[in-house]
Structure formats: C-alpha cells, structure tokens
There are 2 protein chains.
Amino acid sequence: MGSATERRGIPDATVTRLPEYLRALTSLADTGVTSVSSEELATVVGVNSAKLRKDLSYLGSYGVRGVGYDVTHLSDQISSALGLTRDQAVAIIGMGNLGRALAAYNGFASRGVEVVALLDHDPAVIGSRIAGLTVEPVADLPRITSEREVTIAMLATPAGSAQEVADLVVAAGITAILNFAPTSLELPADVQVRKVDLATEVQILAFHAQQSRLGGLPAEPVLTEAVQ
Amino acid sequence: MGSATERRGIPDATVTRLPEYLRALTSLADTGVTSVSSEELATVVGVNSAKLRKDLSYLGSYGVRGVGYDVTHLSDQISSALGLTRDQAVAIIGMGNLGRALAAYNGFASRGVEVVALLDHDPAVIGSRIAGLTVEPVADLPRITSEREVTIAMLATPAGSAQEVADLVVAAGITAILNFAPTSLELPADVQVRKVDLATEVQILAFHAQQSRLGGLPAEPVLTEAVQ
DNA sequence: AATACTTTGTGCCTTCGTTCACAAGCCAGG
DNA sequence: CCTGGCTTGTGAACGAAGGCACAAAGTATT
Ligand SMILES: NC(=O)c1ccc[n+]([C@@H]2O[C@H](COP(=O)([O-])OP(=O)(O)OC[C@H]3O[C@@H](n4cnc5c(N)ncnc54)[C@H](O)[C@@H]3O)[C@@H](O)[C@H]2O)c1
Ligand SMILES: NC(=O)c1ccc[n+]([C@@H]2O[C@H](COP(=O)([O-])OP(=O)(O)OC[C@H]3O[C@@H](n4cnc5c(N)ncnc54)[C@H](O)[C@@H]3O)[C@@H](O)[C@H]2O)c1
C-alpha cells in the first residue's frame, strides 16, 4: 500500500493480464456500466477473482469494499500503470502480406497504439501509400524515430532479415520490439522483445488436441470446470 | 524414464517451448549439423541449458552423455510428442485483411501446418480465390471439417462475430481454436483456445518501456546478461 | 584397460505464481 | 446509530517452474 501507482515490482504475470482487464473495462464502459465487482470482471476476462484482486492491488487500486471498482477510475489506473497516458508510436517494418494487414488494422487506435511509420527496403514498395501512410525506406529509421518519437517497432520482415533489421531498430534508439519473424533475436538486455509465432501457437494446439484424442478413451475424469 | 514418448504430464511451460526447440533443430539440420549439445541448442533458442535438458527429459529423450543429441532423432521425438506426425489441417475463418495475410503465409508448410479451407460469410468474398484456395461459406464448415479432417480453426473475424463463429466451429467438431479477435471466448472446457492479441502485446511492451524510462536515471545495475 | 574429459539426467532448493479463506471496511436500511 | 450483508485486500498454504550443481554414463586417448 505504497504512495502511488509507480511502485517497483508489478509481477510479470500481472503485467500480461492488465491489458486484458483494460480491454474488458473499456468494453463495459461502452455498455454504460459504471461499477464492477472483482467477481464480475473476473468472469468476463475468464480468471479467478482472487487473482484479479491481487493483480489490481499491485497498482494500489481504489476498490470500495462492499461495492466494487469504479470502471473509469480503474481504467485510468491501469492505463497509467501500463504507460498508456500517451499513445504509443509504432513503426511497422516490412510491408509484405503481414505488414499490410497490420497497417490496415483499425483495432489499435482505441487501445493506445498509433502506427506512425511504415518502412521497407524494397524500392518497389517504398513510396506507395498503405492505409493513409507512405512507405518509407528503412534507412530513414533513425530520423523518423526521433522526429515521431517512435517507441515500439513491429518486425514483419522475412526471418532471414529479422536480426539485421532488429539491429537497425536498436541503433535507431528503439527499445521495444514485437517480432513476427519466426526467429529468436539476440539483442542487448535493455531491449524488450516479444515474439508472435503463429506456427508455434498451432503446434501447441496440436499437442493438446493429441492429448484429448489419446486421453479420450481411457475414461479420464474430463475436468469440466464450467467457464459458464 | 517411462516406456516411451506418451507419458502423461508434460508441463505446460515445457510444451510451449517444444516448438521453439523444433524450429531451432530444423534450422540446424538445414545447415548440416547432425549433433548438438544442450548448451549449444540452449543458446540458439535463448534458454538455460538445464531447463532445456529437463524439458527434453519429459519426452524420455535419447541424448548421449559426453556427446549430445542427434538432431534428426530429437526432431522426430519432439514432432511426435507434439502430435505433428501428420500435418495439422487448419481452416481460416474470416477472410479480411488478416485472414488473407494468413492464407498467403508460406511459413506454415515447413512446420507441419496445412491450410485446407478459407471461410467467410460475405457473399462478396465467397468464391474468390486466395493463395490457391477458393473461399467457401461458413455454412459448409461441418462438411468441410469432416471431409478434410480439420483439427484447428483460426478465427480472423471481427470481435463482434467471434463468439458466434467459435460456437459454429465447436459444433462442427473442431476442438482447437487460435483466436485473433480481441475478445475472450466462452467455450466448453475440452476445447483448446489460444489467443493472439497484438494490442495486448504492444501494451505489455509499453509497460516495460516505461519502466526502463523511469528506472533509467536512478542508476540501476543494468544486468547485462550476454545473450551472445 | 585405464584414465581423462565431456555432457546428460536429475535431486534439491529457490523463486514465482495461484488459490483459499477471512478479517477489515464500506454501504444500506431500519 | 446500529445491524446485516457484501466485497475488498491480503496472509498463508500450496503448487508450478526455474536453476544449480553433481553423480552417472558415455567417448576419446594413451
Ligand atoms: N503473412 C503472415 O500471415 C505471417 C504470419 C506469421 C508470421 N509471418 C512472418 O512475418 C514476416 C513477414 O511475412 P510476410 O508474409 O508479410 O512476408 P513478405 O515476404 O510478404 O513480406 C516481407 C517484406 O519485408 C521486406 N523486407 C525484406 N527484407 C527487408 C529488410 N532488410 N528491411 C526492410 N524490409 C525488408 C520485403 O521487401 C517485403 O515487403 C515473416 O517473417 C513471416 O514469417 C507472416
Ligand atoms: N488486421 C490485422 O492486422 C489484425 C491484427 C490483430 C488482430 N486482428 C483481428 O483480427 C480480426 C480480423 O481483422 P481484419 O482486419 O482482417 O478484419 P476485416 O474486417 O478486414 O475482416 C473480417 C472478415 O471477417 C468476415 N466475417 C465477419 N463476420 C463473419 C462471420 N460471422 N462469419 C464468417 N466471416 C465473417 C468478414 O466478411 C470479413 O471478410 C479482427 O477481430 C481484428 O481485431 C486483425
């Protein structure tokens, strides 16, 4: 119960859930709800309510006992904890199939993410307009980064170029990368990297699918915890 | 050290790493490497070597002390544990920006994933050809599922339709879903769901970016563990 | 055959995360 | 003002995951 929002040490597991809570709260607010109990919010998000409360307690939240949480206030608290007081300026690098889809995605704006630059190295692509932005050469990344205060790069280049491009990104002063290329990047420890690898996701699903196939017959207690 | 590969109870954390190992091994095999030590493989993937060895031990692996692991044999072991002995047949539902990018993605084939159907409900899209496949109506999902033995569905519809479509998917007999819509699905407990939410990923990065910005000044020991 | 060297597989301890369960605190209603 | 009923915030128990460190088990060398 420290002074304020910025206590060092929100657990990683909590941080990964905060965006989920925020999304659920935004959606509740849109439907006119002004107050939620931890129980209600927890079922919406699909987590245990005690976990939810503990998560919120890390940001020194202001729930009211017997009542619940004020939706807008809690949203603000979470936004602030996540550093979303200002929109995050994002650059997308590699304007192929995936890069174009990302650029065209209109789900970012409402969640504090603004795409401010599209980059590629292919002269055939540079200069074309995609989703209201003009594709620029990667060579301009340092200038673009400082001019538009880019904080996050999305890497959508082929795996072969990913490391090389990541190095450029870091050299340009960006310290957070969302990597879509199926390769692990070797970068300084102060650079945050998150990876989205679809084939990996599918393979994890394949494992579980196989499990239920195998486990289906040997009459196992199927553990039907209702998600209701 | 049980009889074989199919021991019940590979930890979840291990399962999520197995695809990474498999990818690294495939890439090593491509460059002609036939044998790796846990140390080498671990640095490629970016994990602790003891963790790697423990992970492999869950599949009753056959490493050779003093030598390491046979690359192709280990690949087979992992593939088998993951249930990739046959390609996973995947259906993509919702052929918008993202669905098209997924359909055009050529990185699946080499990793045991085959896209066998593209579905939408929009008559304007149905019938068009994308990446060699014809878009079919969602109404045909049950037939398509049984005919082509679809095991996994990728949901790329707007968030508003996601639950509804997911219900159809389950009704068609599919028990594994990769959900790209930013919403949590409520489904029977025996259906495996994994979610890919890009805005969430960005927000997590935003948090860490903020942390290093705040922590940057108060002279903290930056913990530069070399990923080498 | 014996010795030196390498690398696995794993027991054990530590750290992190989850869940339970309940006292503390707040509101509403009489 | 006081009582009853909810819901929060959190201590404590539990469980999962991570990592160290070393015996066990193999290869290579003499
Ligand atoms: N398409 C998908 O749905 C999908 C899904 C999962 C992962 N991915 C991954 O995302 C990445 C991109 O996929 P894609 O299908 O869009 O590929 P793509 O080939 O369509 O596009 C790649 C783009 O990156 C550009 N590029 C290449 N090297 C570059 C460099 N050094 N600097 C700047 N730009 C460069 C190319 O000019 C091209 O425009 C790949 O790593 C792929 O594995 C794609
Ligand atoms: N575009 C991206 O890069 C991106 C990134 C992250 C997440 N997403 C998410 O992925 C989903 C799709 O995004 P998008 O940009 O491709 O949207 P989109 O609007 O371009 O495409 C949606 C497609 O789904 C189809 N559809 C709608 N309702 C359907 C139904 N009931 N049954 C079958 N098909 C239906 C539509 O006809 C359309 O073709 C959204 O939920 C979005 O939030 C997209």
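A note on names: the letters A, B, ... follow the listed sequences, proteins ahead of strands, and every chain is numbered from 1. These numbers were taken from a predicted model, which means no experiment stands behind them. Note: hydrogens, waters and symmetry copies are ignored here, and every other heavy atom, side chains too, is used.
- Nucleotide D:dT8 holds its C1' atom 15 Å from the NE2 atom of A:His73, rounded to whole Å.
- Rounded to whole Å, the distance from CG on B:Leu59 to P on C:dT8 is 14 Å.
- A donor atom on one side chain and an acceptor atom on the other are found under 3.5 Å apart for B:Arg111 and A:Thr200.
- A:Lys54 has no side-chain polar atom (N or O) that falls below the 4.0 Å cut-off from OP1 or OP2 of D:dT10.
- Side-chain nitrogen and oxygen atoms of A:Tyr58 include none within less than 4.0 Å of the OP1 or OP2 phosphate oxygen of C:dG17.
- Atom-to-atom distance recorded for A:Tyr69:OH and A:Leu56:CG is 5.0 Å, nearest 0.5 angstrom.
- Among residues at least two apart or in separate chains, side chain to side chain donor-acceptor pair (under 3.5 Å) pairs with a member in residues 156-174 of chain A are A:Gln163-A:Asp167.
- A straight line from CD1 of B:Ile10 to P of D:dA17 spans 12 Å, rounded to a whole angstrom.
- Atom CG in A:Leu52 sits about 14 Å away from atom P in D:dT10, given to the nearest Å.
- Look at CG on A:Asp12: it is 10 Å from P on C:dC16, rounded to the nearest Å.
- Phosphate proximity of D:dT7 to A:Tyr62: absent, as no side-chain N or O sits under 4.0 Å from OP1 or OP2.
- For the pair A:Ala50 and B:Ser37, both in contact range of DNA chain C, the more 5′-proximal nearest nucleotide belongs to B:Ser37.
- Put simply, the side chain of B:Arg148 never gets that close to the backbone of B:Ala89: no donor and acceptor are under 3.5 Å apart.
- In terms of position on DNA chain C, the residue among A:Pro11 and B:Leu56 whose nearest nucleotide sits closer to the 5' end is B:Leu56.
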If the sugar-phosphate is the primed atoms plus P, OP1 and OP2 and the base is the rest, what is the B/S/- string for nucleotides 22-30 of chain C, using protein heavy atoms under 4.0 Å? --BBBS---
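- The B:Ala13 side chain lies nearest to D:dG18 when the options are C:dT18, D:dT8, D:dG18.
- Taking CD of A:Gln192 as the start and OG1 of A:Thr151 as the end, the distance is 12.5 Å to the nearest 0.5 Å.
- For the pair B:Asp55 CG and D:dG18 P, the interatomic distance rounds to 8 Å; values are reported in whole Å.
- Note that CD1 of B:Ile152 is 11.0 Å distant from NE2 of A:His208, once rounded to the nearest 0.5 Å.
- Here the CZ-CG distance, from A:Arg23 to A:Leu28, works out to 10.5 Å after rounding to the nearest 0.5 Å.
- Dashed line: the shortest gap from a side-chain N or O of A:Ser38 to OP1 or OP2 of D:dT8 is under 4.0 Å.
- Contact annotation: A:Asn48 does not reach the phosphate of C:dG17 (side-chain N/O to OP1 or OP2, under 4.0 Å).
- What separates OH of A:Tyr69 from P of D:dC6 is a distance of 18 Å, to the nearest Å.
- If you take CZ of A:Arg17 and P of C:dC16, they are 15 Å apart, rounded to a whole angstrom.
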